[in-house]
Protein chains: 2
Amino acid sequence: MKFSAQEEYGLRCLIRIGKYFKVKKSLTIPEISNYEGISQHNVGKILRVLRLGGFLDSERGQLGGYTLSASPEKIRIIDVLNVLGGRLYDDSFCQSHTGMNEICTNTTECSVRSLWKIIQDSVDNVLVHLTLQDLLGTEDNVFSLFDVAPSNNSSN
Amino acid sequence: MKFSAQEEYGLRCLIRIGKYFKVKKSLTIPEISNYEGISQHNVGKILRVLRLGGFLDSERGQLGGYTLSASPEKIRIIDVLNVLGGRLYDDSFCQSHTGMNEICTNTTECSVRSLWKIIQDSVDNVLVHLTLQDLLGTEDNVFSLFDVAPSNNSSN
DNA sequence: TTGAATCTTGATAAAAAAGTCAAGATTATA
DNA sequence: TATAATCTTGACTTTTTTATCAAGATTCAA
């Protein structure tokens with residue numbers, strides 16, 4: 001199970017642009033390329049996906065660049081990741097069993113699909129309330145939103 | 001975020017072999033190929049990974065084939081998936097922040113890494129108690145082990 | 001010992017993903 | 001209008017993943 005390069009870079013670009021939302025500054029492809037260490041061509045390609053996904057607005061011309069299409073707290077990370085990298089488990093797979101809520105072990109394939117669905121549900125539960133805003137600020141940190149066991153550094 | 005073909009096929013092959021554990025029958029590459037619709041060459045390649053990972057024993061010769069190296073309830077799915085597909089987030093990445101328990105939003109890259117780690121933790125929590133046995137039997141179904149919201153088909 | 005059935009391994013080929021390139025379109029400013 | 005800075009798009013190349021192939025090694029049974 002891996003994240004694609006497009007998910008990694010796409011999220012980084014979106015966060016970068018999001019950091020400038022408050023000051024209403026748009027970022028250009030060369031600027032993002034410099035910040036993130038991704039080639040300009042590749043940034044252009046990735047931003048296209050985010051723009052078509054509805055997360056970014058773009059403006060051409062000398063004063064052009066990219067801005068968020070909505071405020072950071074309105075942009076859900078789950079939606080962004082679905083656009084950038086697709087989903088682990090697609091519900092259309094088991095359309096014939098719309099009410100399915102038990103694992104199907106009749107075939108090995110179905111066992112595996114059920115497992116994928118469980119994992120997908122787990123990830124969805126983590127992401128469903130997470131917005132871009134949660135990935136921006138230094139005071140609002142993400143781990144505090146979840147029950148991640150802290151390392152034993154409370155005495156440091 | 002996607003599963004690799006090796007994870008999908010590897011798990012299917014392992015489940016298939018596991019179904020014959022009770023009757024102490026070993027399965028050959030051609031048999032598994034027929035059952036799962038995967039080419040013999042590909043089955044051989046995938047089983048090699050599972051064997052090197054310690055989940056399968058193999059025997060050559062006319063009566064040869066593959067068997068589980070341990071009983072299904074001893075084989076943890078989390079270990080199998082780690083061997084077949086690697087991990088989403090590798091702890092070695094943030095070795096320099098061994099005590100890190102807050103999201104690092106100083107750089108976009110660190111925000112994203114923190115997110116990957118959260119997702120990895122979520123998946124681990126789902127998988128940590130799941131064994132191959134849970135994917136085999138028809139009476140032991142996986143969904144019942146977790147709180148997956150049932151569809152409204154209780155009256156059907 | 002011979003042959004058939006099996007697993008084992010490294011090399012090769014095909015497919016998919018990732019990244020690059022070049023030409024074009026738009027906008028602001030002088 | 002002319003120029004410079006920008007985004008836009010489709011084609012191309014490279015890299016990685018996936019799948020196939022071929023030769024070899026092992027085991028059993030006649």
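Just so we're clear, the structure is a prediction, and the values are computed from it rather than from any experiment.
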| query | Between A:Leu68 and A:Tyr20, does a side-chain contact (heavy atoms from CB on, under 4.5 Å) hold up when you go through it step by step? | reply | CA-CA 9 Å; A:Leu68 296 185; A:Tyr20 289 85; over 6 Å; no
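For the pair B:Glu31 CD and C:dA5 P, the interatomic distance rounds to 13 Å; values are reported in whole Å. A straight line from CD1 of A:Ile29 to C1' of C:dT20 spans 14 Å, rounded to a whole angstrom. The distance from atom CG of A:Leu47 to atom P of D:dT8 is 9 Å, rounded to the nearest whole Å. Rounded to whole angstrom, the span from the CD1 atom of A:Ile46 across to the C1' atom of D:dT8 amounts to 15 Å. Atom pair A:Leu52:CG and D:dT8:P shows a separation of 9 Å (rounding to whole Å applied). If you measure from atom CG of A:Leu27 to atom P of D:dT6, you get 12 Å, rounded to the nearest angstrom. For the pair B:Leu84 CG and D:dT18 C1', the computed distance is 14 Å after rounding to whole Å. Atom NZ of A:Lys2 is separated from atom C1' of C:dA18 by 16 Å (rounded to the nearest Å).
Between B:Lys2 and B:Glu8, no side-chain nitrogen of the basic residue sits less than 4.0 Å from a carboxylate oxygen of the acidic one, so the salt-bridge criterion is not met. Between A:Glu31 and A:Lys25, at least one side-chain nitrogen of the basic residue sits less than 4.0 Å from a carboxylate oxygen of the acidic one, meeting the salt-bridge criterion.
When each of B:Ser4 and A:Glu59 is assigned the nucleotide of DNA chain D bearing its nearest heavy atom, the one mapping closer to the 5' terminus is A:Glu59.
For the residue pair B:Phe21 and B:Ser71, the shortest heavy atom distance occurs at CZ-CA, 3.4 Å. For B:Leu63 against B:Ser26, the heavy-atom pair with the smallest separation is O-OG, 4.3 Å. Residues B:Arg12 and A:Val112 approach most closely at CG-CG2, 3.6 Å, considering heavy atoms.
DNA chain C lies under 4.0 Å from at least one heavy atom of each of the following residues of residues 33-45 of chain A: A:Ser39, A:His41, A:Asn42, A:Lys45. Contacts between residues 60-67 of chain A and DNA chain C, counted as heavy-atom distances below 4.0 Å, involve A:Arg60, A:Gly61, A:Gln62, A:Leu63.
Considering only side-chain N and O atoms, B:Ser58 lies nowhere under 4.0 angstrom from the phosphate OP1 or OP2 of C:dT6. Regarding contacts with the backbone of C:dC7, every side-chain N or O of B:Arg48 stays at 4.0 angstrom or more from both OP1 and OP2.
By the salt bridge (charged side-chain N to carboxylate O under 4.0 Å, His left out) test, B:Arg76 is found to be paired with B:Asp79, residues two or more places apart in sequence or in another chain being considered.
The backbone N or O of B:Ile78 sits less than 3.5 Å from a side-chain atom of B:Asn82, completing a donor-acceptor pair.
Contacts of B:Gln6 with the nucleic acid, taken as non-hydrogen atoms under 4.0 Å apart, are absent.
Looking at B:Leu47 and B:Leu14, their side chains never come closer than 4.5 Å, going by heavy atoms from C-beta outward.
The side chain of B:Thr28 approaches C:dT6 more closely than any other nucleotide in the set C:dT6, C:dT8, D:dT18.
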